[in-house]
Visitor: 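Okay, handing you the structure first.
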Amino acid sequence: MASEIKFTQDTMKQFNVAKSFNVNKDRINAMNFSLDGETLISSSDDDSIVIYDCKEGETKRTLFSKKYGVDLIHFIHGTEQVLHGSTKVDDSVRLLQLEGNKYIRYYSGHTKRVVSLSICPTEDTFLTSSIDNTLRLWDVRIPTAQGLLNVQTIAGPHTRPIANFDPEGVVFAAGIQSSLIKLYDIRHFDKGPFTTFRPLEMMENTDKQTTNSTLPTEQWTHLKFSPDGKMISIATNGTSLHLIEAFQGLPIHKFTDFVNDRHEPLQCCFSPDSSYILCGSGDNRILIYKAESGEKVIEKQTEHSGAIQCIQFNPAFLMFATAHTNMLFWLPMIDAQPTDDVPS
């Protein structure tokens, strides 16, 4: 399993593109590996769902959701079913049976577009957030939400809430108004958050000038716990990525080496051992940092023609994938020469 490997700087430098796929006609908006690492699924703005075989390095099949559109795709219950958001008709989340391309259930309630969808790793539970300023907790077997959190925000560009589960499936974090994080116990979420912190204010105390310059313009777009549960990454639609301590919100690092002129919702991911963080940039680069020290160890130019908005590490195999309109599979190539190494 990839999670059992201790990644080193040399390991990260050896990653290079092993396979390139040009299936899509428009931006790939989401992707997700199966837990066994053998399958990757992606959704695109061209309404397609593409299934990849990670062991063979090939596409398995392509499905379409022309009526509802597709976004935020995620496996659930192995590799036979997926949940995804909608980009047309309404703002429901949909449960799709891949065999036969048949919808099993619709989860209705959000009145505006869903912007995050997280699957609880231990239960038949998933969490959504929407620009209607609500978070909803769902049982996959029931079409109505089992829990509703109204996020009190002021109107403006920073009102998009985001949320995600921790690796144990016990806690979920909600990022509100691009400034506030609330942590909830999934068993007692109706009692409110058990802790709340403002990580950017903490960063302001250590880097006041830089933080003040980014607060008015950046919107949080993605929140993710590290695999060991000790850190949270906060991606933005600007040129900053924040890494904070998971349960006190203390700032660890702020990465600012990105190009993002079009204010795309960039993403990042952790290596399975949580020691490295991989980030996509708007100018088709991948940047890799040490999570502990914040040191940039390598950056790589890619074959992507635009912003890398999807990047994920395989949970079982030594590979990761990146996407724009094309999909790239990255593997460590022992004989490959490191490219774009950061001088020491």
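Sequence positions, counted from 1, serve as the residue numbers for this chain.
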Visitor: Taking the side chain as every heavy atom from C-beta outward, state whether T256 and T239 have any atom pair closer than 4.5 Å.
Guide: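 No, side chains not in contact.
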Visitor: Minimum heavy-atom separation for S274 and D228, please, with both atom names.
Guide: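 Result for this residue pair: OG-N, 3.0 Å.
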Visitor: With distance as the sole test, does T125 use its side chain to make a donor-acceptor pair with the main-chain N or O of C120 at under 3.5 Å?
Guide: no
Visitor: Evaluate side-chain contact (heavy atoms from CB on, under 4.5 Å) for L95 paired with I76, printing each intermediate quantity in order.
Guide: CA-CA 9 Å; L95 178 64; I76 191 164; 3.8 Å; yes
Visitor: Might you work through the side-chain contact (heavy atoms from CB on, under 4.5 Å) test for S44 and V50, ending with a clear yes or no?
Guide: CA-CA 8 Å; S44 170; V50 183; over 6 Å; no
Visitor: Is the shortest side-chain heavy-atom distance between I244 and I181 below 4.5 Å?
Guide: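 Yes, side chains in contact.
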Visitor: Which pair of heavy atoms, one from F270 and one from P227, lies closest together, and at what distance?
Guide: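 The pair with the smallest heavy-atom distance is CB-CD, 3.5 Å.
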Visitor: Can you get from V82 to V23 by hopping between Ile, Leu, Val, Met, Phe, Trp and Tyr side chains that sit under 4.5 Å apart?
Guide: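 No; tracing contacts between hydrophobic side chains, which count when under 4.5 Å, never links both residues.
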Visitor: On a heavy-atom basis, which atom in P167 and which in S226 lie closest, and how many Å separate them?
Guide: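 For P167 versus S226, the nearest heavy atoms are CG-O, 3.2 Å.
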Visitor: Applying the 4.5 Å side-chain criterion to the ILVMFWY set and letting contacts propagate, would F33 and Y52 be lumped into a single cluster?
Guide: yes
Visitor: V140 and H77: side-chain contact (heavy atoms from CB on, under 4.5 Å), yes or no, with the steps?
Guide: CA-CA 10 Å; V140 72; H77 295 153; 3.8 Å; yes
Visitor: Is there a side-chain contact between E123 and F165, using heavy atoms and a 4.5 Å cut-off?
Guide: no
Visitor: Shared ILVMFWY cluster between L72 and L127, side chains joined below 4.5 angstrom?
Guide: no
Visitor: Does S116 reach the main-chain N or O of I162 with its side chain, forming a donor-acceptor pair under 3.5 Å?
Guide: no
Visitor: Measuring centre to centre across the rings, with the benzene-like ring taken for any Trp, is Y68 within less than 6.0 Å of Y106?
Guide: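 Aromatic pair counts; centres sit under 6.0 Å.
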Visitor: Flag yes if more than 12 heavy atoms outside Q146 fall under 6.0 Å of its CD atom; otherwise flag no.
Guide: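 Atom CD in Q146 is packed in, count exceeds 12.
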Visitor: Side-chain heavy atoms under 4.5 angstrom apart, residues restricted to Ile, Leu, Val, Met, Phe, Trp, Tyr: same cluster for V114 and V151?
Guide: no
Visitor: Would you find a donor on one side and an acceptor on the other, under 3.5 Å apart, between the side chain of S43 and the backbone of N29?
Guide: no
Visitor: When rounded to the nearest 0.5 angstrom, what is the spacing between CG in L250 and CG in L243?
Guide: 11.5 Å
Visitor: Test your reading of the model: is there a side-chain donor-acceptor pair from S86 to the backbone of D91, 3.5 Å cut-off?
Guide: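 Absent.
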Visitor: Without swapping roles, check the side chain of D166 against the backbone of V171 for a donor-acceptor pair under 3.5 Å.
Guide: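 Looks like yes, one N/O pair under 3.5 Å.
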Visitor: Step by step, would you call T62 with S48 a side-chain hydrogen bond (donor to acceptor under 3.5 Å, both in side chains)?
Guide: CA-CA 7 Å; T62 301; S48 69; over 6 Å; no
Visitor: Would you check if the side chain of N16 reaches a backbone N or O of Q14 as a donor-acceptor pair within less than 3.5 Å?
Guide: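 Answer holds: yes.
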Visitor: Measure the shortest side-chain to side-chain distance between V70 and L63 over non-hydrogen atoms and say whether it is less than 4.5 angstrom.
Guide: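 No, side chains not in contact.
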Visitor: Is it the case that the side chain of T39 and the backbone of D53 share a donor-acceptor pair, with hydrogens and angles ignored and the cut-off at 3.5 Å?
Guide: no
Visitor: Around atom CD of E292, are there more than 12 heavy atoms from other residues, nucleotides or ligands closer than 6.0 Å?
Guide: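 It does not: E292 CD has 12 such atoms or fewer within range.
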Visitor: Taking all non-hydrogen atoms of both residues, which atom of S34 and which atom of P315 are closest, and how far apart?
Guide: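 Closest heavy-atom pair between S34 and P315: O-CG, 3.4 Å.
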Visitor: Take a 6.0 Å sphere around CD of E58 and say whether it holds more than 12 heavy atoms from other residues, nucleotides or ligands.
Guide: yes
Visitor: Parallel, tilted or perpendicular: which one describes the rings of F247 and F225, with boundaries at 30° and 60°?
Guide: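 Plane angle between 30° and 60°, so tilted.
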Visitor: On a heavy-atom basis, which atom in L135 and which in S129 lie closest, and how many Å separate them?
Guide: CG-CB, 3.9 Å
Visitor: Is the shortest heavy-atom distance from the side chain of F329 to the side chain of L40 under 4.5 Å?
Guide: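 Counting from C-beta outward, F329 and L40 do come under 4.5 Å.
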Visitor: Measure the CD1-NZ distance between I41 and K60 for me, rounded to the nearest 0.5 Å.
Guide: 9.5 Å
Visitor: Should R285 and D257 count as an ion pair when the cut-off is N to O under 4.0 Å?
Guide: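 No.
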Visitor: Are side-chain heavy atoms of L318 and F7 found at a separation under 4.5 Å?
Guide: yes
Visitor: Can you list the steps and then say if H110 with T134 is a side-chain contact (heavy atoms from CB on, under 4.5 Å)?
Guide: CA-CA 8 Å; H110 285 298; T134 66; 3.2 Å; yes
Visitor: Measure the spacing between CG of D273 and OG1 of T11 and express it to the nearest 0.5 Å.
Guide: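 It comes to 9.0 Å.
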Visitor: From K102 NZ over to Q81 CD, what is the distance, rounded to the nearest 0.5 angstrom?
Guide: 13.0 Å
Visitor: Just wondering, do H253 and I277 contact through their side chains at under 4.5 Å, heavy atoms?
Guide: no
Visitor: Out of F126, F194, Y184, which residue meets the ring-ring contact (aromatic ring centres under 6.0 Å, His included) rule with F172?
Guide: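 That would be Y184.
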Visitor: Walk me through it: do T8 and D10 pass the test side-chain hydrogen bond (donor to acceptor under 3.5 Å, both in side chains)?
Guide: CA-CA 5 Å; T8 67; D10 287 340; 5.1 Å; no
Visitor: How long is the span from the CD1 atom in I28 to the CG atom in D71, to the nearest 0.5 Å?
Guide: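 Interatomic distance, I28 CD1 to D71 CG, rounded to 0.5 Å: 12.5 Å.
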Visitor: Evaluate the side-chain proximity of N24 to M327: yes if any heavy-atom separation is below 4.5 Å, no if none is.
Guide: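 A side-chain contact under 4.5 Å is absent here.
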Visitor: Got more than 12 heavy atoms from elsewhere within 6.0 Å of NZ, K66?
Guide: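 For K66, atom NZ is crowded (more than 12 foreign heavy atoms under 6.0 Å).
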Visitor: Suppose we call two aromatic rings close when their centres sit under 6.0 Å apart. Are F313 and Y276 close by that rule?
Guide: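 Between F313 and Y276, the centre distance exceeds or equals 6.0 Å.
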Visitor: Is the backbone of D26 close enough, under 3.5 Å, to the side chain of D45 for a donor and an acceptor to pair up by distance?
Guide: no
Visitor: Count the heavy atoms belonging to other residues, nucleotides or ligands that lie under 6.0 Å from NZ of K88, then report whether that count exceeds 12.
Guide: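 Yes, enclosed.
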Visitor: What is the distance from atom CG of N101 to atom OG of S65, rounded to the nearest 0.5 Å?
Guide: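 Interatomic distance, N101 CG to S65 OG, rounded to 0.5 Å: 7.5 Å.
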Visitor: Keeping S92 on the side-chain end and R94 on the backbone end, is there a donor-acceptor pair under 3.5 Å?
Guide: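 Checking the backbone N and O of R94 against the side chain of S92, no donor-acceptor pair under 3.5 Å is found.
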Visitor: Closest approach of D36 and A316, non-hydrogen atoms and distance?
Guide: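 Looking at all heavy atoms of both residues, the shortest contact is O-CB, 3.3 Å.
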Visitor: Step by step, work out the side-chain hydrogen bond (donor to acceptor under 3.5 Å, both in side chains) result for Q9 and K290.
Guide: CA-CA 8 Å; Q9 187 165 313; K290 289 183 178 178; 3.3 Å; yes
Visitor: Tell me whether the rings of F15 and F320 are parallel (<30°), tilted (30 to 60°) or perpendicular (>60°).
Guide: tilted
Visitor: Going only through I, L, V, M, F, W and Y residues with side-chain contacts under 4.5 Å, is there a path from W138 to L117?
Guide: yes
Visitor: Taking 4.0 angstrom as the limit, do R262 and E264 come out as a salt bridge?
Guide: yes
Visitor: For the pair T302 (side chain) and N284 (backbone), establish whether a donor and an acceptor sit closer than 3.5 Å, ignoring hydrogens and angles.
Guide: yes
Visitor: Can you name the residues that form a side chain to side chain contact (heavy atoms under 4.5 Å, CB included) with K112, not counting sequence neighbours?
Guide: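 Side chain to side chain contact (heavy atoms under 4.5 Å, CB included) check on K112 returns S130, I131, D132.
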Visitor: For N164, give me all partners under side chain to side chain donor-acceptor pair (under 3.5 Å), at least two apart in sequence or on another chain.
Guide: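 If we apply the side chain to side chain donor-acceptor pair (under 3.5 Å) test to N164, skipping adjacent residues, the hits are S118.
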